[in-house]
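Residue numbers begin at 1 in each chain, while the letters A, B, ... track the order of the sequences. Just so we're clear, the structure is a prediction, and the values are computed from it rather than from any experiment.
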Amino acid sequence: MTRVRFAPSPTGYLHIGGVRTALFNWLWARKTKGVFVLRIEDTDQERSTEASKKAILDSLEWLGLDWDEGPFVQTGRLAIYKEYAERLVREKKAFRCYCTKEELEAQREELKKKDPKAQFRYPGTCRDRADEPNKPFVVRFRTPSEGAVTYVDKVFGEITTPNAAQQDFVLLRSDGMPLYNFGAVVDDVSMEITLVARGRDHMVNTPPQIMIYEALGARVPEFAHLPMMLAQSGEKLSKRHGAVSALEYRDQGYTPNAVLNYLVRFGWSHGDQEIFSKDELIAAFGWEACGRGDGKFDAKKFLAVNHAHLKEQRLVPDDDYAKRLLPFVEQRGLTPTLAATKEAVPLVRERATTFIDAADRLDFVFRSDPVMDEAATAKFLVADAAPHLRGLAAQLEGMTSWNAQAIDTRMHDWLAELGLEIKHVAQPARVALTGRTASPGLFEVIAALGKSETLRRLSRGATLADARDPGRGEKPKA
RNA sequence: GGCCCCAUCGUCUAGCGGUUAGGACAUCGGCCUCUCACGCCGGUAACAUGGGUUCGAUUCCCAUUGGGGUCACCA
(Lines give C-alpha, C1' and ligand atoms only; values in the text may rest on other atoms or scores of the structure.)
Protein backbone atom coordinates (compact mmCIF):
# COMPACT_ATOMS: atom_id res chain seq x y z
CA MET A 1 0.00 0.00 0.00
CA THR A 2 1.39 3.31 -1.07
CA ARG A 3 1.44 5.92 1.63
CA VAL A 4 2.62 9.40 0.73
CA ARG A 5 2.45 12.68 2.57
CA PHE A 6 2.50 16.41 2.19
CA ALA A 7 4.18 18.10 5.14
CA PRO A 8 4.23 21.88 4.90
CA SER A 9 5.27 24.15 7.73
CA PRO A 10 2.65 26.77 8.57
CA THR A 11 4.88 29.79 8.19
CA GLY A 12 2.93 31.59 5.47
CA TYR A 13 0.46 31.12 2.66
CA LEU A 14 0.66 27.96 0.56
CA HIS A 15 3.07 28.74 -2.25
CA ILE A 16 2.35 27.34 -5.72
CA GLY A 17 5.64 25.45 -5.47
CA GLY A 18 4.18 23.78 -2.40
CA VAL A 19 0.98 23.07 -4.27
CA ARG A 20 3.03 21.30 -6.91
CA THR A 21 4.66 19.10 -4.27
CA ALA A 22 1.28 18.33 -2.75
CA LEU A 23 -0.15 17.58 -6.19
CA PHE A 24 2.53 15.08 -7.18
CA ASN A 25 2.07 13.25 -3.90
CA TRP A 26 -1.68 13.34 -4.21
CA LEU A 27 -1.58 12.06 -7.79
CA TRP A 28 0.63 9.18 -6.78
CA ALA A 29 -1.67 8.29 -3.91
CA ARG A 30 -4.75 8.38 -6.11
CA LYS A 31 -3.10 6.53 -8.95
CA THR A 32 -1.91 3.72 -6.72
CA LYS A 33 -5.10 3.73 -4.65
CA GLY A 34 -2.92 4.56 -1.70
CA VAL A 35 -3.15 7.01 1.16
CA PHE A 36 -2.38 10.72 1.15
CA VAL A 37 -1.38 11.98 4.60
CA LEU A 38 -1.36 15.64 5.58
CA ARG A 39 1.07 16.68 8.26
CA ILE A 40 1.73 20.15 9.60
CA GLU A 41 5.35 20.68 10.60
CA ASP A 42 4.99 23.41 13.14
CA THR A 43 8.03 22.87 15.33
CA ASP A 44 9.38 26.29 14.49
CA GLN A 45 7.34 28.07 17.12
CA GLU A 46 8.61 31.50 16.18
CA ARG A 47 7.35 31.36 12.63
CA SER A 48 4.36 29.04 12.76
CA THR A 49 0.92 30.57 12.91
CA GLU A 50 -2.61 29.30 13.11
CA ALA A 51 -3.57 31.60 10.23
CA SER A 52 -0.98 29.97 7.98
CA LYS A 53 -2.24 26.54 8.87
CA LYS A 54 -5.73 27.61 7.94
CA ALA A 55 -4.51 29.09 4.65
CA ILE A 56 -2.85 25.78 3.81
CA LEU A 57 -5.95 23.74 4.57
CA ASP A 58 -8.15 26.21 2.67
CA SER A 59 -5.83 26.07 -0.32
CA LEU A 60 -5.77 22.29 -0.48
CA GLU A 61 -9.50 22.17 -0.09
CA TRP A 62 -10.08 24.69 -2.86
CA LEU A 63 -7.72 22.77 -5.13
CA GLY A 64 -9.48 19.52 -4.42
CA LEU A 65 -6.36 17.85 -3.06
CA ASP A 66 -8.16 15.91 -0.40
CA TRP A 67 -6.20 14.07 2.23
CA ASP A 68 -7.04 10.70 3.74
CA GLU A 69 -5.33 11.08 7.11
CA GLY A 70 -4.50 14.08 9.25
CA PRO A 71 -3.84 16.86 9.51
CA PHE A 72 -1.32 15.66 12.06
CA VAL A 73 0.46 18.38 13.94
CA GLN A 74 4.04 17.87 15.09
CA THR A 75 3.78 19.90 18.26
CA GLY A 76 1.17 17.41 19.36
CA ARG A 77 3.69 14.58 19.08
CA LEU A 78 6.64 15.88 21.10
CA ALA A 79 6.68 12.89 23.46
CA ILE A 80 7.26 10.57 20.53
CA TYR A 81 10.34 12.43 19.28
CA LYS A 82 11.75 12.50 22.78
CA GLU A 83 11.28 8.79 23.17
CA TYR A 84 12.98 8.03 19.85
CA ALA A 85 15.84 10.40 20.66
CA GLU A 86 16.43 8.80 24.03
CA ARG A 87 16.47 5.42 22.43
CA LEU A 88 19.19 6.54 20.03
CA VAL A 89 21.21 7.99 22.92
CA ARG A 90 20.88 4.74 24.85
CA GLU A 91 22.09 2.82 21.83
CA LYS A 92 25.01 5.24 21.46
CA LYS A 93 23.81 6.23 17.99
CA ALA A 94 23.27 9.74 19.26
CA PHE A 95 24.61 11.72 22.19
CA ARG A 96 23.83 14.65 24.37
CA CYS A 97 25.72 17.78 23.51
CA TYR A 98 26.10 20.41 26.21
CA CYS A 99 27.84 23.02 24.10
CA THR A 100 25.98 26.28 24.22
CA LYS A 101 24.98 28.26 21.17
CA GLU A 102 27.52 30.88 22.19
CA GLU A 103 30.35 28.37 22.44
CA LEU A 104 29.56 26.98 19.03
CA GLU A 105 29.29 30.46 17.61
CA ALA A 106 32.66 31.42 19.05
CA GLN A 107 34.24 28.36 17.50
CA ARG A 108 32.68 29.23 14.20
CA GLU A 109 34.07 32.76 14.38
CA GLU A 110 37.47 31.47 15.32
CA LEU A 111 37.56 29.16 12.32
CA LYS A 112 36.35 31.86 9.99
CA LYS A 113 39.20 34.11 11.09
CA LYS A 114 41.77 31.51 10.11
CA ASP A 115 40.14 30.52 6.85
CA PRO A 116 37.04 32.31 5.60
CA LYS A 117 36.30 29.52 3.17
CA ALA A 118 36.49 26.68 5.65
CA GLN A 119 33.16 25.23 6.63
CA PHE A 120 32.45 24.80 10.28
CA ARG A 121 32.06 21.29 11.54
CA TYR A 122 30.96 20.37 14.99
CA PRO A 123 34.23 19.44 16.73
CA GLY A 124 32.77 16.44 18.52
CA THR A 125 33.54 17.68 21.99
CA CYS A 126 30.55 16.01 23.61
CA ARG A 127 30.63 12.73 21.78
CA ASP A 128 31.86 10.84 24.80
CA ARG A 129 31.01 13.29 27.53
CA ALA A 130 29.38 12.03 30.71
CA ASP A 131 25.81 13.06 31.44
CA GLU A 132 25.45 16.30 33.31
CA PRO A 133 22.18 16.59 35.18
CA ASN A 134 20.39 19.94 35.20
CA LYS A 135 22.32 21.26 32.26
CA PRO A 136 20.54 21.97 28.98
CA PHE A 137 21.57 19.84 26.03
CA VAL A 138 20.72 19.05 22.45
CA VAL A 139 20.76 15.53 21.08
CA ARG A 140 23.17 15.07 18.21
CA PHE A 141 23.45 12.21 15.78
CA ARG A 142 26.75 10.34 15.84
CA THR A 143 27.61 10.63 12.15
CA PRO A 144 30.22 8.30 10.70
CA SER A 145 33.04 10.16 9.02
CA GLU A 146 33.78 7.37 6.60
CA GLY A 147 31.61 5.84 3.92
CA ALA A 148 28.77 7.25 1.91
CA VAL A 149 25.01 7.10 1.58
CA THR A 150 23.54 5.97 -1.72
CA TYR A 151 19.91 5.95 -2.69
CA VAL A 152 17.98 5.71 -5.91
CA ASP A 153 15.82 8.73 -6.51
CA LYS A 154 12.64 8.10 -8.53
CA VAL A 155 13.41 11.05 -10.77
CA PHE A 156 17.12 11.76 -10.42
CA GLY A 157 18.40 8.20 -10.29
CA GLU A 158 21.30 7.08 -8.15
CA ILE A 159 22.63 9.69 -5.76
CA THR A 160 25.71 9.16 -3.62
CA THR A 161 26.83 11.55 -0.93
CA PRO A 162 29.97 11.03 1.16
CA ASN A 163 29.37 10.93 4.89
CA ALA A 164 32.24 13.35 5.30
CA ALA A 165 29.88 16.01 3.99
CA GLN A 166 27.75 15.49 7.09
CA GLN A 167 28.47 16.46 10.64
CA ASP A 168 26.97 15.49 13.98
CA PHE A 169 23.69 17.18 13.20
CA VAL A 170 21.14 18.04 15.86
CA LEU A 171 18.13 15.79 16.33
CA LEU A 172 16.43 17.43 19.27
CA ARG A 173 16.72 21.03 20.41
CA SER A 174 17.33 21.89 24.04
CA ASP A 175 13.66 22.85 24.38
CA GLY A 176 12.61 19.39 23.25
CA MET A 177 11.57 20.38 19.74
CA PRO A 178 12.75 18.02 17.02
CA LEU A 179 14.67 19.50 14.14
CA TYR A 180 13.30 19.03 10.64
CA ASN A 181 15.29 15.95 9.69
CA PHE A 182 14.48 14.13 12.88
CA GLY A 183 10.84 15.10 13.16
CA ALA A 184 10.19 14.24 9.55
CA VAL A 185 11.84 10.84 9.79
CA VAL A 186 10.19 9.86 13.06
CA ASP A 187 6.81 10.85 11.64
CA ASP A 188 7.39 9.17 8.32
CA VAL A 189 8.32 6.01 10.17
CA SER A 190 5.34 6.05 12.49
CA MET A 191 2.98 7.04 9.67
CA GLU A 192 4.47 4.27 7.55
CA ILE A 193 5.23 6.52 4.61
CA THR A 194 6.46 4.50 1.64
CA LEU A 195 7.53 7.29 -0.68
CA VAL A 196 8.70 10.81 0.07
CA ALA A 197 8.22 13.29 -2.77
CA ARG A 198 9.38 16.83 -2.17
CA GLY A 199 11.26 19.73 -3.74
CA ARG A 200 14.84 19.37 -4.84
CA ASP A 201 15.84 21.85 -2.14
CA HIS A 202 15.38 18.92 0.23
CA MET A 203 17.71 16.62 -1.64
CA VAL A 204 20.57 17.39 0.74
CA ASN A 205 18.42 16.28 3.65
CA THR A 206 17.98 12.81 2.28
CA PRO A 207 21.37 11.30 3.25
CA PRO A 208 21.15 12.33 6.92
CA GLN A 209 17.55 11.20 6.99
CA ILE A 210 18.53 7.82 5.63
CA MET A 211 21.11 7.58 8.41
CA ILE A 212 18.35 8.17 10.92
CA TYR A 213 16.08 5.56 9.36
CA GLU A 214 18.87 3.04 9.58
CA ALA A 215 19.78 3.97 13.14
CA LEU A 216 16.13 3.49 14.03
CA GLY A 217 16.08 0.14 12.31
CA ALA A 218 13.23 1.38 10.16
CA ARG A 219 12.55 0.67 6.52
CA VAL A 220 13.87 3.45 4.30
CA PRO A 221 11.12 4.81 2.04
CA GLU A 222 11.57 5.65 -1.62
CA PHE A 223 12.43 9.23 -2.52
CA ALA A 224 11.40 11.41 -5.43
CA HIS A 225 12.72 14.94 -5.72
CA LEU A 226 11.13 17.53 -7.94
CA PRO A 227 13.10 20.22 -9.79
CA MET A 228 12.65 23.79 -8.65
CA MET A 229 10.19 26.26 -10.03
CA LEU A 230 11.94 29.60 -10.39
CA ALA A 231 10.90 33.11 -11.39
CA GLN A 232 11.51 34.37 -14.92
CA SER A 233 14.63 36.04 -13.61
CA GLY A 234 15.97 32.69 -12.45
CA GLU A 235 15.68 33.61 -8.80
CA LYS A 236 13.60 31.79 -6.27
CA LEU A 237 9.93 32.48 -6.89
CA SER A 238 8.54 34.92 -4.33
CA LYS A 239 5.90 37.59 -3.82
CA ARG A 240 7.89 40.16 -5.69
CA HIS A 241 7.39 38.13 -8.87
CA GLY A 242 3.61 38.45 -8.71
CA ALA A 243 1.02 36.05 -7.41
CA VAL A 244 2.56 32.98 -5.82
CA SER A 245 -0.01 31.97 -3.25
CA ALA A 246 -2.63 29.40 -4.19
CA LEU A 247 -5.42 31.50 -2.75
CA GLU A 248 -4.42 34.46 -4.88
CA TYR A 249 -5.23 32.39 -7.93
CA ARG A 250 -8.56 31.49 -6.46
CA ASP A 251 -9.22 35.19 -5.92
CA GLN A 252 -8.10 36.04 -9.43
CA GLY A 253 -10.71 33.72 -10.87
CA TYR A 254 -8.67 30.67 -11.80
CA THR A 255 -10.36 27.31 -11.73
CA PRO A 256 -8.60 24.79 -9.46
CA ASN A 257 -8.06 22.07 -12.03
CA ALA A 258 -6.36 24.54 -14.34
CA VAL A 259 -3.97 25.43 -11.55
CA LEU A 260 -3.19 21.75 -11.09
CA ASN A 261 -2.88 21.31 -14.85
CA TYR A 262 -0.35 24.09 -15.19
CA LEU A 263 1.67 22.91 -12.23
CA VAL A 264 1.75 19.27 -13.23
CA ARG A 265 3.07 20.12 -16.69
CA PHE A 266 5.89 21.86 -14.97
CA GLY A 267 8.48 19.12 -14.71
CA TRP A 268 6.24 16.39 -16.02
CA SER A 269 4.91 15.62 -19.46
CA HIS A 270 2.78 13.13 -21.30
CA GLY A 271 3.68 13.26 -24.98
CA ASP A 272 2.19 16.31 -26.62
CA GLN A 273 -0.83 16.55 -24.36
CA GLU A 274 -1.14 19.89 -22.62
CA ILE A 275 -4.63 19.93 -21.17
CA PHE A 276 -5.80 17.31 -18.71
CA SER A 277 -8.85 16.67 -16.63
CA LYS A 278 -8.14 15.52 -13.11
CA ASP A 279 -8.97 11.93 -13.97
CA GLU A 280 -6.73 12.00 -17.01
CA LEU A 281 -3.96 13.27 -14.81
CA ILE A 282 -4.34 10.45 -12.36
CA ALA A 283 -4.34 7.94 -15.18
CA ALA A 284 -1.30 9.39 -16.96
CA PHE A 285 0.90 10.36 -14.02
CA GLY A 286 4.19 8.61 -13.34
CA TRP A 287 7.64 9.44 -11.97
CA GLU A 288 9.42 8.20 -15.08
CA ALA A 289 7.99 11.12 -17.05
CA CYS A 290 9.33 13.70 -14.63
CA GLY A 291 12.09 15.97 -15.85
CA ARG A 292 15.13 16.97 -13.85
CA GLY A 293 15.87 20.49 -14.98
CA ASP A 294 14.72 23.49 -13.01
CA GLY A 295 12.22 25.69 -14.78
CA LYS A 296 10.84 29.18 -14.85
CA PHE A 297 7.29 30.05 -13.98
CA ASP A 298 5.33 31.51 -16.90
CA ALA A 299 2.26 33.51 -15.91
CA LYS A 300 1.08 33.83 -19.52
CA LYS A 301 1.02 30.12 -20.08
CA PHE A 302 -0.72 29.67 -16.76
CA LEU A 303 -3.44 32.06 -17.91
CA ALA A 304 -3.71 30.24 -21.23
CA VAL A 305 -4.17 26.93 -19.44
CA ASN A 306 -6.92 28.46 -17.34
CA HIS A 307 -8.58 29.80 -20.47
CA ALA A 308 -8.34 26.37 -22.08
CA HIS A 309 -10.17 24.86 -19.10
CA LEU A 310 -12.85 27.53 -18.99
CA LYS A 311 -13.55 27.00 -22.68
CA GLU A 312 -14.41 23.37 -22.33
CA GLN A 313 -17.67 22.11 -20.98
CA ARG A 314 -15.90 18.80 -20.44
CA LEU A 315 -13.43 20.38 -18.01
CA VAL A 316 -15.70 22.94 -16.37
CA PRO A 317 -19.38 22.00 -16.76
CA ASP A 318 -21.95 24.82 -16.73
CA ASP A 319 -23.05 24.03 -13.18
CA ASP A 320 -19.52 24.19 -11.86
CA TYR A 321 -18.75 27.26 -13.93
CA ALA A 322 -21.80 29.10 -12.60
CA LYS A 323 -21.09 28.14 -9.01
CA ARG A 324 -17.54 29.46 -9.20
CA LEU A 325 -18.45 32.51 -11.24
CA LEU A 326 -21.28 33.74 -9.04
CA PRO A 327 -19.11 35.11 -6.21
CA PHE A 328 -17.23 37.27 -8.69
CA VAL A 329 -20.48 38.63 -10.07
CA GLU A 330 -21.62 39.37 -6.53
CA GLN A 331 -18.39 41.26 -5.93
CA ARG A 332 -19.69 43.74 -8.50
CA GLY A 333 -22.77 44.35 -6.41
CA LEU A 334 -25.00 42.21 -8.60
CA THR A 335 -27.19 39.42 -7.29
CA PRO A 336 -28.38 37.09 -10.04
CA THR A 337 -29.62 33.65 -9.10
CA LEU A 338 -27.41 30.65 -9.69
CA ALA A 339 -29.79 29.55 -12.44
CA ALA A 340 -29.56 32.91 -14.20
CA THR A 341 -25.79 32.79 -13.92
CA LYS A 342 -25.70 29.35 -15.43
CA GLU A 343 -27.84 30.50 -18.35
CA ALA A 344 -25.36 33.28 -19.08
CA VAL A 345 -22.30 31.03 -19.08
CA PRO A 346 -22.51 30.08 -22.77
CA LEU A 347 -22.18 33.75 -23.68
CA VAL A 348 -18.63 33.88 -22.35
CA ARG A 349 -17.47 30.27 -22.60
CA GLU A 350 -14.94 30.83 -25.32
CA ARG A 351 -14.05 34.36 -24.38
CA ALA A 352 -13.35 34.58 -20.68
CA THR A 353 -9.85 33.76 -19.48
CA THR A 354 -10.77 33.92 -15.79
CA PHE A 355 -13.95 34.12 -13.73
CA ILE A 356 -13.18 37.77 -13.09
CA ASP A 357 -13.03 38.30 -16.83
CA ALA A 358 -16.29 36.38 -17.22
CA ALA A 359 -18.00 38.47 -14.56
CA ASP A 360 -16.88 41.62 -16.34
CA ARG A 361 -18.09 40.42 -19.73
CA LEU A 362 -21.46 39.49 -18.26
CA ASP A 363 -21.90 42.67 -16.27
CA PHE A 364 -24.44 44.02 -18.77
CA VAL A 365 -26.60 40.92 -18.45
CA PHE A 366 -27.10 41.22 -14.71
CA ARG A 367 -27.29 45.00 -14.49
CA SER A 368 -30.63 46.52 -15.47
CA ASP A 369 -28.92 49.64 -16.76
CA PRO A 370 -25.63 48.63 -18.33
CA VAL A 371 -22.68 50.90 -17.77
CA MET A 372 -22.45 52.94 -20.98
CA ASP A 373 -18.91 53.34 -22.24
CA GLU A 374 -18.37 56.98 -23.19
CA ALA A 375 -16.32 56.42 -26.32
CA ALA A 376 -18.62 53.67 -27.53
CA THR A 377 -21.69 55.81 -27.07
CA ALA A 378 -20.11 58.78 -28.80
CA LYS A 379 -19.06 56.71 -31.77
CA PHE A 380 -22.11 54.54 -32.38
CA LEU A 381 -25.18 56.03 -30.73
CA VAL A 382 -25.33 58.83 -33.25
CA ALA A 383 -28.44 60.29 -34.88
CA ASP A 384 -28.02 58.09 -37.97
CA ALA A 385 -28.34 55.04 -35.83
CA ALA A 386 -31.62 55.92 -34.17
CA PRO A 387 -33.90 54.74 -37.01
CA HIS A 388 -32.00 51.47 -37.27
CA LEU A 389 -32.42 50.82 -33.58
CA ARG A 390 -36.15 51.56 -33.77
CA GLY A 391 -36.51 49.45 -36.88
CA LEU A 392 -34.78 46.55 -35.22
CA ALA A 393 -36.98 46.90 -32.18
CA ALA A 394 -40.07 46.80 -34.36
CA GLN A 395 -38.91 43.61 -36.03
CA LEU A 396 -38.11 41.92 -32.77
CA GLU A 397 -41.36 42.96 -31.18
CA GLY A 398 -43.30 40.86 -33.63
CA MET A 399 -41.32 37.70 -33.00
CA THR A 400 -42.95 34.75 -31.34
CA SER A 401 -40.09 32.35 -30.84
CA TRP A 402 -37.16 33.88 -29.05
CA ASN A 403 -33.83 32.28 -29.71
CA ALA A 404 -30.56 33.28 -31.31
CA GLN A 405 -31.18 31.36 -34.51
CA ALA A 406 -34.62 32.87 -35.08
CA ILE A 407 -33.34 36.34 -34.26
CA ASP A 408 -30.50 35.89 -36.70
CA THR A 409 -32.89 34.92 -39.47
CA ARG A 410 -35.36 37.70 -38.79
CA MET A 411 -32.66 40.33 -38.64
CA HIS A 412 -31.08 39.25 -41.89
CA ASP A 413 -34.41 39.18 -43.69
CA TRP A 414 -35.17 42.67 -42.46
CA LEU A 415 -31.75 43.98 -43.45
CA ALA A 416 -32.04 42.44 -46.88
CA GLU A 417 -35.31 44.28 -47.44
CA LEU A 418 -33.69 47.54 -46.50
CA GLY A 419 -30.61 46.81 -48.56
CA LEU A 420 -28.42 47.14 -45.49
CA GLU A 421 -25.70 44.94 -44.11
CA ILE A 422 -25.53 43.77 -40.58
CA LYS A 423 -22.42 45.75 -39.89
CA HIS A 424 -24.45 48.94 -40.27
CA VAL A 425 -26.63 48.13 -37.30
CA ALA A 426 -24.66 45.63 -35.26
CA GLN A 427 -22.40 48.06 -33.46
CA PRO A 428 -25.08 50.62 -32.54
CA ALA A 429 -27.30 47.78 -31.34
CA ARG A 430 -24.45 46.24 -29.40
CA VAL A 431 -23.67 49.50 -27.66
CA ALA A 432 -27.36 50.10 -26.90
CA LEU A 433 -27.71 46.63 -25.41
CA THR A 434 -24.39 46.14 -23.64
CA GLY A 435 -22.89 49.61 -23.30
CA ARG A 436 -19.72 48.43 -25.02
CA THR A 437 -18.26 47.84 -28.45
CA ALA A 438 -17.11 44.35 -27.54
CA SER A 439 -19.53 41.72 -26.39
CA PRO A 440 -20.74 38.19 -27.04
CA GLY A 441 -22.53 37.63 -30.35
CA LEU A 442 -25.36 40.05 -30.96
CA PHE A 443 -28.07 37.42 -31.50
CA GLU A 444 -27.00 35.56 -28.39
CA VAL A 445 -27.08 38.79 -26.43
CA ILE A 446 -30.58 39.59 -27.63
CA ALA A 447 -31.72 36.06 -26.89
CA ALA A 448 -30.21 36.20 -23.41
CA LEU A 449 -31.69 39.57 -22.48
CA GLY A 450 -35.22 38.58 -23.43
CA LYS A 451 -37.70 40.52 -25.48
CA SER A 452 -38.87 43.21 -23.13
CA GLU A 453 -35.41 44.03 -21.85
CA THR A 454 -34.04 44.13 -25.40
CA LEU A 455 -36.79 46.48 -26.53
CA ARG A 456 -36.28 48.71 -23.52
CA ARG A 457 -32.53 49.01 -24.14
CA LEU A 458 -32.96 49.58 -27.88
CA SER A 459 -35.44 52.33 -27.21
CA ARG A 460 -33.15 53.94 -24.70
CA GLY A 461 -30.28 53.72 -27.18
CA ALA A 462 -32.40 55.37 -29.86
CA THR A 463 -33.21 58.21 -27.49
CA LEU A 464 -29.56 58.74 -26.73
CA ALA A 465 -28.81 58.69 -30.45
CA ASP A 466 -31.48 61.28 -31.18
CA ALA A 467 -29.63 63.71 -29.00
CA ARG A 468 -26.72 63.85 -31.40
CA ASP A 469 -26.26 65.66 -34.70
CA PRO A 470 -26.20 63.40 -37.72
CA GLY A 471 -22.74 62.47 -38.86
CA ARG A 472 -21.05 64.24 -35.97
CA GLY A 473 -20.00 61.60 -33.55
CA GLU A 474 -18.07 63.81 -31.18
CA LYS A 475 -20.93 65.86 -29.74
CA PRO A 476 -21.34 65.65 -25.98
CA LYS A 477 -24.70 64.62 -24.57
CA ALA A 478 -27.31 67.33 -24.09
C1' G B 1 34.53 27.45 -1.05
C1' G B 2 32.83 21.87 0.30
C1' C B 3 29.01 18.43 -1.02
C1' C B 4 24.90 17.44 -4.37
C1' C B 5 22.04 18.37 -8.79
C1' C B 6 20.88 20.32 -13.67
C1' A B 7 21.59 21.99 -19.18
C1' U B 8 16.71 21.23 -26.56
C1' C B 9 13.12 27.46 -29.44
C1' G B 10 11.98 33.62 -25.14
C1' U B 11 9.03 29.89 -21.66
C1' C B 12 7.02 24.66 -20.50
C1' U B 13 8.60 20.46 -23.03
C1' A B 14 8.88 15.74 -26.89
C1' G B 15 13.21 13.14 -28.27
C1' C B 16 15.50 7.59 -25.00
C1' G B 17 22.25 6.63 -31.84
C1' G B 18 20.22 7.68 -37.97
C1' U B 19 14.12 12.92 -37.35
C1' U B 20 13.16 18.39 -42.66
C1' A B 21 14.68 18.25 -34.13
C1' G B 22 7.89 17.65 -32.85
C1' G B 23 3.98 20.09 -29.65
C1' A B 24 2.13 24.03 -26.38
C1' C B 25 2.38 29.25 -24.56
C1' A B 26 4.27 33.81 -26.23
C1' U B 27 5.35 36.48 -30.79
C1' C B 28 4.63 37.90 -36.17
C1' G B 29 1.63 37.37 -40.78
C1' G B 30 -3.11 35.71 -43.02
C1' C B 31 -8.17 33.55 -43.16
C1' C B 32 -13.02 33.48 -40.74
C1' U B 33 -16.23 37.50 -38.90
C1' C B 34 -21.84 41.73 -36.25
C1' U B 35 -17.58 43.52 -32.09
C1' C B 36 -14.59 40.70 -28.76
C1' A B 37 -13.20 36.07 -28.66
C1' C B 38 -13.03 30.93 -30.59
C1' G B 39 -11.30 28.38 -34.65
C1' C B 40 -8.16 27.59 -38.94
C1' C B 41 -3.58 28.33 -42.10
C1' G B 42 1.41 29.93 -42.13
C1' G B 43 6.23 32.40 -40.34
C1' U B 44 10.42 33.63 -36.88
C1' A B 45 12.76 30.73 -33.06
C1' A B 46 16.55 25.68 -29.76
C1' C B 47 20.24 20.92 -29.14
C1' A B 48 25.95 25.88 -24.13
C1' U B 49 31.39 24.67 -25.54
C1' G B 50 35.51 21.22 -26.22
C1' G B 51 37.12 16.39 -26.34
C1' G B 52 36.21 11.29 -26.86
C1' U B 53 33.03 6.35 -28.08
C1' U B 54 30.68 5.06 -32.76
C1' C B 55 29.93 3.99 -39.68
C1' G B 56 26.88 7.85 -37.39
C1' A B 57 25.76 11.84 -32.00
C1' U B 58 20.72 16.37 -29.48
C1' U B 59 20.91 11.34 -27.60
C1' C B 60 26.42 7.54 -24.39
C1' C B 61 31.28 9.01 -21.53
C1' C B 62 34.74 12.90 -19.77
C1' A B 63 36.09 17.87 -19.15
C1' U B 64 34.89 23.17 -19.48
C1' U B 65 31.35 26.91 -19.01
C1' G B 66 26.84 28.36 -17.12
C1' G B 67 22.76 27.78 -13.67
C1' G B 68 20.56 25.90 -9.13
C1' G B 69 20.24 23.61 -4.16
C1' U B 70 22.48 23.25 0.59
C1' C B 71 26.03 23.88 4.33
C1' A B 72 21.54 26.47 11.84
C1' C B 73 19.34 24.41 18.54
C1' C B 74 14.75 27.12 10.22
C1' A B 75 12.00 23.98 7.39
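Here the separation of rC47(B) from rA14(B), taken at their C1' atoms, is 13 Å to the nearest Å. Between rC34(B) and rU19(B), the distance separating the two P atoms is 48 Å to the nearest Å. Comparing rG2(B) with rG43(B), their P atoms are spaced 49 Å from each other, to the whole Å. For rU49(B) and rU65(B), the C1' atoms lie 7 Å apart once the distance is rounded to whole Å. For the P atom pair drawn from rC36(B) and rU13(B), the interatomic distance equals 35 Å after rounding to whole Å. Comparing the same atom, C1', in rA46(B) and in rG51(B) gives a spacing of 23 Å after rounding to whole Å. Comparing the same atom, C1', in rU64(B) and in rC6(B) gives a spacing of 15 Å after rounding to whole Å. rC38(B) sits 26 Å from rA45(B) when the C1' atoms are compared, rounded to a whole Å.
The aromatic rings of Y151(A) and H225(A) sit perpendicular, their planes meeting at an angle over 60°, well past the 30° parallel limit.
In this model, a side-chain donor or acceptor of E274(A) finds a partner on the base of rG23(B) within 3.5 Å. Contact of R292(A) with rC6(B) (side chain to base): no donor-acceptor pair of N or O atoms is detected under 3.5 Å.
Checked against the 6.0 Å centroid threshold, H388(A) and F380(A) do not count as a close aromatic pair. In this structure, Y254(A) has its ring center no closer than 6.0 Å to that of Y262(A).
Residues of residues 263-271 of chain A having a heavy atom closer than 4.0 Å to RNA chain B, listed by number: R265(A), F266(A), G267(A), S269(A). For RNA chain B, the residues of residues 428-444 of chain A within the heavy-atom distance limit of 4.0 Å (strictly under) are R430(A), T437(A), A438(A), S439(A), P440(A), G441(A), L442(A), F443(A), sorted by number.
Within the 4.5 Å cutoff, the side chain of R129(A) has no heavy atoms near those of the R96(A) side chain. In this structure the side chain of D318(A) reaches within 4.5 angstrom of the side chain of R349(A), judged on heavy atoms.
rU64(B) is paired with rA48(B) under the criterion used here, namely a Watson-Crick or G-U wobble arrangement in which both key atom distances are under 3.5 Å. Under the Watson-Crick and G-U wobble criteria, each requiring two contacts below 3.5 Å, nucleotide rC55(B) is paired to rG18(B). rC3(B) is paired with rG69(B) under the Watson-Crick or G-U wobble criterion, all donor-acceptor distances under 3.5 Å. If you check rC40(B) for Watson-Crick or wobble pairing at under 3.5 angstrom, you find it paired to rG30(B). Remark: rC25(B) base-pairs with rG10(B). Criterion, Watson-Crick or G-U wobble with two distances under 3.5 Å.
The closest side-chain donor-acceptor pair between Q74(A) and R77(A), if any, does not fall under 3.5 angstrom. For the residue pair N257(A) and H309(A), no side-chain donor N or O sits within less than 3.5 Å of a side-chain acceptor on the partner.
Within 4.0 Å of I275(A), counting heavy atoms only, lies no atom of the nucleic acid at all. Within the nucleic acid shown, H412(A) has no heavy atom closer than 4.0 Å to any nucleic acid atom.
When the P atom of rC5(B) is taken as reference, atom NZ of K154(A) falls 19 Å away, rounded to whole Å. In this structure, the CG atom of N306(A) is 14 Å from the P atom of rC25(B), given to the nearest Å. Following rounding to the nearest Å, M411(A) (CE) and rU35(B) (P) show an atom-to-atom distance of 12 Å. Atom NZ in K296(A) sits roughly 14 Å away from atom P in rA7(B) (whole-Å rounding). Distance, R361(A) CZ to rC38(B) C1': 11 Å, rounded to whole Å. Between the P atom of rU11(B) and the OH atom of Y262(A) lies a distance of 12 Å, rounded to the nearest Å.
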Handout entry: Annotated protein contacts, base or backbone, on nucleotides 57-75 of chain B with a non-hydrogen cut-off under 4.0 Å, one of B, S, - each
Key = -----------BBSBSBBB

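A cation-pi geometry, defined here as NZ or CZ lying under 6.0 Å from the six-membered ring centre and within 45° of its normal, holds between R140(A) and Y122(A).
Listed nucleotides: rC3(B), rC6(B), rA26(B). Nearest to the side chain of P162(A): rC3(B). Counting only heavy atoms from C-beta on, A304(A) has its side chain closest to rA26(B) among rC3(B), rC38(B), rA26(B).
Residue-environment remark: NZ (K451(A)) exceeds the threshold of 12 foreign heavy atoms within 6.0 Å. Summarising the local packing, CD of E444(A) is surrounded by more than 12 heavy atoms from other residues, nucleotides or ligands at distances under 6.0 Å.
A salt bridge links D294(A) to R200(A): one of the charged nitrogens lies within less than 4.0 Å of a carboxylate oxygen.
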